[in-house]
2 protein chains.
Amino acid sequence: MRPTDTPKVRALPMFVNVSDDTFNRVTGTAYLQRFPAHTTLLLEGDPVDFLYVLLEGQVELQGTWKDKETTLTILRPVSTFILAAVVLDADALMSARTLERCEILMISGDAIRTAMAEDAPFAVAIARELSGCYRGLVRTIKNQKLRGGVERLANYLLTLRAKSGGGDLVHLPHEKRVLAALLGMTPENLSRAFATLGGYGVEVTGADVRLGKLRDLERLARPDPLIDNHAPRGANPSAEADAEVWSTEHQRASGARS
Amino acid sequence: MRPTDTPKVRALPMFVNVSDDTFNRVTGTAYLQRFPAHTTLLLEGDPVDFLYVLLEGQVELQGTWKDKETTLTILRPVSTFILAAVVLDADALMSARTLERCEILMISGDAIRTAMAEDAPFAVAIARELSGCYRGLVRTIKNQKLRGGVERLANYLLTLRAKSGGGDLVHLPHEKRVLAALLGMTPENLSRAFATLGGYGVEVTGADVRLGKLRDLERLARPDPLIDNHAPRGANPSAEADAEVWSTEHQRASGARS
DNA sequence: TTATTGGCTTGATGTCGATCAAGCCAATTG
DNA sequence: CAATTGGCTTGATCGACATCAAGCCAATAA
């Protein structure tokens with residue numbers, strides 16, 4: 001990988017408490033690759049030889065059945081993906097494709113499995129990583145099955161707000177059509193959902209959204225720490241260092257967050 | 001735990017390639033507990049102190065939001081559950097409750113985390129376990145979002161058939177109301193779904209189901225190795241030792257399976 | 001400039017599944 | 001035995017969301 005990328009990768013939770021030796025061994029044979037937009041990186045059913053680390057761009061993970069298709073998640077830097085398949089040396093259950101130009105680090109699956117067997121702290125880090133991914137998925141399912149479209153959108157906006165520091169202006173990081181897929185609805189219904197949220201103070205101008213009447217929006221959305229992974233749980237100041245963001249999305253060291 | 005239970009536990013994938021020393025250390029402080037039917041073992045949001053191993057009975061994992069409720073899975077012996085929360089020492093994201101009288105082994109979470117840090121093979125086993133759970137969840141989501149109710153039921157029946165040896169008679173292991181929850185539909189719609197499948201040779205008599213016209217049923221169900229975890233993938237005899245069954249369900253050594 | 005394209009919105013309609021309301025049947029209970 | 005209960009089914013209705021079909025608007029290209 002490029003020298004400038006090393007710190008980003010070294011800072012991944014997966015590597016934080018790991019020896020330089022193991023880190024170098026695992027990433028030694030890794031290589032950086034650039035992909036154009038709309039490129040399929042991996043097709044469901046394919047054997048998985050590499051762990052992917054997204055350093056730049058956006059990647060969509062999606063599943064297919066009988067010419068129907070569903071978006072499972074959209075990743076942004078810095079994220080790793082298909083870790084579970086790598087650990088088991090199994091075939092991919094979902095396809096991965098770029099939404100825009102991407103810069104991706106590819107780490108040998110063999111190297112990872114070997115390092116895990118030899119280095120307990122590294123294996124523990126991987127297990128923690130996987131636990132976070134698992135819990136992210138549980139949250140996703142609850143979000144999908146327990147909430148309606150408008151509620152999902154409302155909570156998405158609140159999550160976005162929380163991640164971007166808390167002002168009442170947020171900027172949508174995806175095209176609306178992509179956002180619709182992410183929220184599990186059609187673009188048409190996303191439009192209508194935004195229209196509905198107009199009654200709760202949500203004003204949309206292109207990709208910029210103003211959340212007037214935050215209070216009203218929250219009363220509708222009812223964000224829940226057991227689904228949304230932002231926002232305080234009742235009155236419990238316990239540690240809770242979950243970085244549960246699906247296939248491991250990690251804030252890059254940009255904005256100072258309180 | 002009881003001496004008679006030891007072999008069952010020792011045979012869990014999580015312990016197979018683990019030293020006696022580690023196994024004894026981890027299970028040393030474990031204790032066996034019996035619960036009556038319809039008992040809540042764990043409420044979502046609770047801190048998790050134990051890894052649970054279901055030895056007898058059935059347990060439902062479910063999530064709640066705004067007085068709506070959804071069943072995430074139903075476990076049967078031998079299964080472990082809430083492993084991810086144990087690894088992260090985090091709060092439970094789902095509630096667990098017994099559907100019938102249960103016998104459950106409770107293993108200290110601390111013991112597990114400590115053993116992982118000291119014993120790489122054990123940590124690797126846990127990571128593999130988690131990977132399987134993760135992939136089970138991915139399958140669940142694809143099943144939910146890509147298939148309609150009738151298709152889910154059809155595939156459920158085919159999976160059941162595969163697990164019970166392949167005859168054209170299968171026996172439903174749950175009450176229909178529970179099955180409905182598991183398949184993500186109401187009892188009413190499960191009834192109608194069964195009625196629809198009548199046209200595909202499915203005859204229901206109480207909990208016994210006969211799958212006449214298997215061919216027709218399969219053409220409707222279109223089982224897919226990337227969702228259903230049974231049935232052959234096209235023509236690929238590769239190893240694939242996934243035991244991906246959600247929160248780790250493992251066949252007990254009863255029926256000889258080919 | 002005038003076409004054209006692509007992303008987004010809006011309205012009309014259709015479909016799937018949830019809900020409401022009986023009714024049925026078998027098992028349990030007084 | 002009759003009465004009750006609980007699980008299951010069936011029909012009618014409703015609501016959420018998908019689909020189909022225009023139409024709008026801004027960016028790009030001829």
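Just so you know, these numbers come straight off a predicted model, no measurement behind them. Convention: sequence-line order gives letters A, B, ...; per-chain numbering from 1.
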Starting at [atom1] of [X] and ending at [atom2] of [N], how long is that distance when rounded to a whole Å?
X: A:Leu190; N: D:dT19; atom1: CG; atom2: P; value: 15 Å
X: A:Leu179; N: C:dC8; atom1: CG; atom2: P; value: 9 Å
X: B:Arg177; N: D:dT9; atom1: CZ; atom2: P; value: 12 Å
X: A:Glu151; N: D:dA16; atom1: CD; atom2: P; value: 10 Å
X: B:Lys68; N: C:dA18; atom1: NZ; atom2: P; value: 9 Å
X: A:Met185; N: D:dT19; atom1: CE; atom2: C1'; value: 16 Å
X: B:Lys145; N: D:dA16; atom1: NZ; atom2: P; value: 20 Å
X: A:Glu188; N: D:dT19; atom1: CD; atom2: P; value: 8 Å

A:Arg215 backbone acceptor or donor facing A:Glu218 side chain under 3.5 Å: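 No, the answer is negative, given that no donor and acceptor are paired below the 3.5 Å cut-off.
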
Donor/acceptor link under 3.5 angstrom from B:Arg192 side chain onto base of C:dT19: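 Pair found.
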
Nucleotide of D:dG7, C:dT19, C:dC8 approaching B:Glu175 most closely (side-chain heavy atoms):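 The nucleotide sitting nearest to the side chain is D:dG7.
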
With B:Gln58 as reference, evaluate B:Arg97, B:His174, B:Arg101 under the side-chain hydrogen bond (donor to acceptor under 3.5 Å, both in side chains) test and give the passing residue.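 For B:Gln58, the side-chain hydrogen bond (donor to acceptor under 3.5 Å, both in side chains) check succeeds only for B:His174.
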
Proximity of B:Tyr134 and A:Tyr134 rings by center, below 6.0 Å: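 Centroid distance B:Tyr134-A:Tyr134: not below 6.0 Å, so no.
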
DNA chain D: 5'-proximal contact among B:Phe194 and A:Gly184 (nearest heavy atom):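 Whichever sits nearer the 5' end wins; that is B:Phe194.
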
Measure the CD-OG1 distance between A:Gln62 and A:Thr73 for me, rounded to the nearest 0.5 Å.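 If we round to the nearest 0.5 Å, A:Gln62:CD and A:Thr73:OG1 are 12.5 Å apart.
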
Respond yes when some side-chain nitrogen or oxygen of B:Asn189 is under 4.0 Å from OP1 or OP2 of C:dA18, and no when none is.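 True: B:Asn189 side-chain N/O within range (under 4.0 Å) of C:dA18 OP1/OP2.
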
When you check the phosphate oxygens OP1 and OP2 of D:dA18, does a side-chain N or O of A:Thr186 lie under 4.0 Å from one of them?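 Checking A:Thr186 against D:dA18: at least one side-chain N or O falls below 4.0 Å of OP1 or OP2.
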
